[in-house]
Protein chains: 2
Amino acid sequence: MSCLARHSQTLRARGYRMTPQRLAILEALHHDGHLSPAQVYQRVRQTGVTEATVYRTLEFLRANGIVFATYGCDGHLTYELGGYDHHHLVCRICGTQVQVKQEMLQDALNRIEQQTGYRMTDGHLTLVGLCPSCQGNSQAQA
Amino acid sequence: MSCLARHSQTLRARGYRMTPQRLAILEALHHDGHLSPAQVYQRVRQTGVTEATVYRTLEFLRANGIVFATYGCDGHLTYELGGYDHHHLVCRICGTQVQVKQEMLQDALNRIEQQTGYRMTDGHLTLVGLCPSCQGNSQAQA
DNA sequence: GCTCTTCTTGAGAAAAATATCAATAAAGAT
DNA sequence: ATCTTTATTGATATTTTTCTCAAGAAGAGC
């Protein structure tokens, strides 16, 4: 079963529906990786999808665990398809991102799950820190 | 030296200035903990601070490590003063937050620092997961 | 096929957040 | 204290994001 078909099934099982608009947005994300809402809209507007629908759908897909929101250091959201085994570490000054493999966090997340009762294994995290070059910048010191 | 005086000094050392507007915003955060930009504005508007200045100042203080931005699960930002030894874990469905002590993450963050060169010890993290009650909800399954 | 229920969308209004630019004011030097 | 430099603010316009609500469409049952 294709990735999109599986998502359709997931949504139907929860009482939701897979619509042409949602398909178009998923395909845009599938094709391009990280996209802001405005970039998604650029890619799907030709199909008649409204701007409001783009925002609504991205939030909907995020709440359902199908796409992940990455909070850039500038406070803007970008979205990407789920299924990755990594998280992101973003510099709070310049916004540069690097990947952090799931296993780097596995032990800590397990402990947190045990202590809090939250489940953290199925989601995307955006960590914030200072990248090497911004550490030397005088404006970057904490 | 008071907390606010230290922040003034920090900013001056970087070529910035401590203004009445920035002081008012810092005091609002000091008094109330987590606040959204709109809530901050409610508390400082009486002093004549503009809405645009609130947004600008919060982003400025965040980039300088004086306040931390917490990204709620709804995509809205809230801000809080720095200096805490804990992070936040927020449910991606209902937004409920719990605290996560720094030591729970210390080992993982040390490893990530070594591998990436980023510095993570002076910052606030917002982790995202599923809270216990939303795990049972059919709409919450991943 | 038809009906019913309810999830979804589009259109437009509303609110939140950002950008521009001239005027203001803070910090340092004289 | 005064002057100079330039960071900072307010006012305004603009963009981005959210909300409301009636119309449209998907799925279930008959």
Side-chain angles (χ1 to χ4, degrees), chain A residues 4-5 7-26 28 35-64 66-67 69-79 95 138-139, chain B residues 4-26 28 35-64 66-67 69-79 95 137-139:
Chain A
L4 293 177
H7 291 320
S8 302
Q9 212 173 42
T10 302
L11 290 185
R12 262 201 306 277
R14 297 179 195 167
Y16 299 127
R17 299 163 190 171
M18 180 56 76
T19 64
Q21 292 87 345
R22 286 173 183 171
L23 263 181
I25 289 169
L26 279 173
L35 291 176
S36 68
Q39 291 172 318
V40 172
Y41 177 61
Q42 283 302 320
R43 286 162 176 73
V44 300
R45 63 184 307 175
Q46 52 183 344
T47 67
V49 177
T50 305
E51 216 166 358
T53 297
V54 170
Y55 284 101
R56 256 187 316 220
T57 301
L58 288 172
E59 163 59 21
F60 169 85
L61 294 172
R62 184 202 60 75
N64 279 276
I66 292 174
V67 306
T70 301
Y71 303 91
C73 92
D74 57 356
H76 285 163
L77 291 176
T78 63
Y79 293 87
S138 69
Q139 299 185 1
Chain B
L4 293 178
R6 195 171 62 247
H7 291 321
S8 302
Q9 212 174 41
T10 303
L11 291 185
R12 264 201 307 277
R14 296 177 196 169
Y16 298 127
R17 298 163 190 173
M18 180 56 76
T19 65
Q21 291 88 345
R22 287 176 182 171
L23 264 181
I25 290 170
L26 280 173
L35 291 176
S36 68
Q39 290 171 319
V40 171
Y41 177 61
Q42 284 302 320
R43 285 161 177 74
V44 300
R45 62 184 307 174
Q46 52 183 342
T47 68
V49 177
T50 304
E51 216 165 357
T53 298
V54 170
Y55 285 102
R56 257 187 315 218
T57 300
L58 289 172
E59 164 58 21
F60 169 84
L61 294 172
R62 184 202 60 76
N64 278 275
I66 292 174
V67 306
T70 301
Y71 302 91
C73 92
D74 57 356
H76 286 164
L77 291 176
T78 62
Y79 292 88
N137 185 328
S138 70
Q139 299 185 1

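Every value quoted in this text rests on a predicted model; they were computed, and no experiment measured them. Every chain is numbered from 1 and lettered A, B, ... according to where its sequence line falls, protein lines coming before strand lines.
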Comparing G15(B) and G48(B) on DNA chain D - which has the more 5′ nearest nucleotide: G15(B)

Could you tell me how far apart L58(A) (CG) and dT8(C) (C1') are, to the nearest whole angstrom? 15 Å

Non-hydrogen side-chain atoms of T57(B) and L26(B) separated by less than 4.5 Å: no

Counting only N and O atoms by type, is there a donor-acceptor contact under 3.5 Å from the side chain of R22(B) to the main-chain atoms of R17(B)? yes

Interatomic distance where CD belongs to E51(A) and C1' belongs to dA15(C) [whole Å]: 15 Å

Would you mind reporting whether N64(A) and T10(A) have side-chain heavy atoms less than 4.5 Å apart? no

Taken to the nearest whole Å, OH/Y55(B) to P/dT14(D) is 19 Å

dG10(C) OP1/OP2 closer than 4.0 Å to side-chain N/O of Q21(A): yes

Rounded to whole Å, the CD-P distance (Q9(B) to dA27(C)) equals 12 Å

Separation of dT16(D) atom P from E59(A) atom CD, nearest Å, is 19 Å

Taking only the side-chain nitrogens and oxygens of R22(A), find out if one of them lies under 4.0 Å from OP1 or OP2 of dT9(C). yes

Rounded to the nearest 0.5 Å, the OG1 atom of T78(B) sits from the CD atom of Q39(B) at a distance of 8.5 Å

Does any non-hydrogen side-chain atom of L11(B) lie less than 4.5 Å from one of I66(B)? yes

Does the pair T53(B) and R56(B) meet the rule for a side-chain contact (heavy atoms from CB on, under 4.5 Å), with working shown? CA-CA 5 Å; T53(B) 298; R56(B) 257 187 315 218; 3.1 Å; yes

Rounded distance (Å) that lies between atom C1' of dA26(C) and atom NE2 of H7(B): 19 Å

In whole Å, I'd like the distance from the CG atom of L77(B) to the C1' atom of dT17(D). 13 Å

Scan A38(B) against the nucleic acid and name what it touches under 4.0 Å (heavy atoms): base, sugar-phosphate only, or nothing. nothing

Would you say a side-chain N or O of T53(B) is under 4.0 Å from OP1 or OP2 of dG10(D)? yes

What string of B, S and - do you get for nucleotides 24-30 of chain D, 5' to 3', when a contact is any protein heavy atom under 4.0 Å? -BBS---

Please round to the nearest 0.5 Å and tell me the distance separating atom OH of Y55(B) and atom CG of L77(B). 9.5 Å

Starting at atom CZ of R56(B), determine the distance to atom C1' of dC21(C), rounded to an integer number of angstrom. 11 Å

